[in-house]
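Bear in mind that the values here come from a model prediction, so they are computed numbers and not experimental data.
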Amino acid sequence: MGVTGLLTLLSMLFVSVKLVTCAPYKPVCDKTVVDMFIKEAREAETAMDSCNIICQFPEDIMVPETKLNLGEWNKLHTSQQAAEVWNGLILFTKAVPRIADFISDASLKFQVEKIHGDVRSVVHLFKSLNLQDEAQTSQSEAKTLPVRTFKKFFSVYTNFLRGKLRLLVMAVCHEASLST
């Protein structure tokens with residue numbers, strides 16, 4: 001086969017090969033993304049309902065305060081809201097490995113490992129919305145709450161996702177849809 005035959009063969013291969021594209025990722029502004037994290041947090045919280053003495057921490061674990069006055073929250077600039085959410089995510093990122101150290105029960109360990117993965121995913125979601133830079137330019141003091149049980153920890157985490165995180169993500173996505 002000469003050069004002409006090789007070129008013909010290669011052109012036939014390239015013409016017949018269709019480019020395969022991966023399925024697109026769910027857009028981060030898809031409400032179901034945040035809802036999935038909330039659902040998993042609620043499931044972890046529910047799993048703690050039957051938890052006994054082994055579900056207590058030997059020390060306080062600091063988590064973000066989740067009380068939210070909607071009127072005051074809406075008055076905050078997006079960068080201030082982002083800073084509050086970012087500070088909360090940092091607290092959860094630090095807390096999860098600490099509480100994992102207290103666990104000997106396999107089912108509890110599974111729940112904590114699952115939440116640890118979810119927290120990392122939520123951080124990635126936050127960064128994908130380009131909020132990290134905005135959060136770091138607006139320094140706000142993190143309001144914290146000490147917790148001593150898995151039940152309370154998962155309850156605070158669920159409320160954080162349902163409240164501050166969801167409101168921020170939906171507001172940013174709404175602004176992005178208006179600008180396109």
About how many Å separate [atom2] of [Y] and [atom1] of [X], when rounded to the nearest 0.5 Å?
X: Asn87; Y: Phe92; atom1: CG; atom2: CZ; value: 12.0 Å
X: Met62; Y: Leu145; atom1: CE; atom2: CG; value: 7.0 Å
X: Lys31; Y: Met170; atom1: NZ; atom2: CE; value: 7.0 Å
X: Thr149; Y: Ile61; atom1: OG1; atom2: CD1; value: 11.0 Å
X: Glu175; Y: Thr78; atom1: CD; atom2: OG1; value: 4.0 Å

Parallel, tilted or perpendicular: rings of Phe102 and Phe57 (30°, 60°): tilted
Does the side chain of [Y] come within less than 4.5 Å of [X]'s, by heavy atoms?
X: Leu165; Y: Phe37; answer: no
X: Asn130; Y: Val172; answer: no
X: Val85; Y: Pro64; answer: no
X: Leu167; Y: Leu68; answer: yes
X: Arg166; Y: Ile38; answer: yes
X: Lys94; Y: Ile90; answer: yes
X: Leu91; Y: Val63; answer: no

Heavy-atom closest contact ([X] atom, [Y] atom, distance):
X: Leu168; Y: Ala82; result: CD2-CA, 3.7 Å
X: Lys164; Y: Trp73; result: O-CZ2, 3.7 Å
X: Pro58; Y: Arg148; result: O-NH2, 2.9 Å

Let me check something: any side-chain donor-acceptor pairs from residues 154-161 under 3.5 Å, sequence neighbours excluded? List them with distances.
from: Thr158; atom 1: OG1; to: Ala41; atom 2: O; distance (Å): 3.4
from: Thr158; atom 1: OG1; to: Glu45; atom 2: OE1; distance (Å): 3.2
from: Thr158; atom 1: OG1; to: Phe154; atom 2: O; distance (Å): 2.8
from: Asn159; atom 1: OD1; to: Arg162; atom 2: NH1; distance (Å): 3.2
from: Asn159; atom 1: ND2; to: Ser155; atom 2: O; distance (Å): 3.3

For atom NZ of Lys109, is the number of surrounding heavy atoms from other residues, nucleotides or ligands below 6.0 Å larger than 12? yes
Are Met36 and Val34 linked, directly or through intermediate hydrophobic residues, by side-chain heavy-atom contacts shorter than 4.5 Å (ILVMFWY only)? yes
Please tabulate, one pair per line, all N/O donor-acceptor pairs under 3.5 Å involving side-chain atoms of residues 111-124, not counting sequence neighbours.
from: His116; atom 1: ND1; to: Arg120; atom 2: NH1; distance (Å): 2.7
from: Ser121; atom 1: OG; to: Gly117; atom 2: O; distance (Å): 3.1

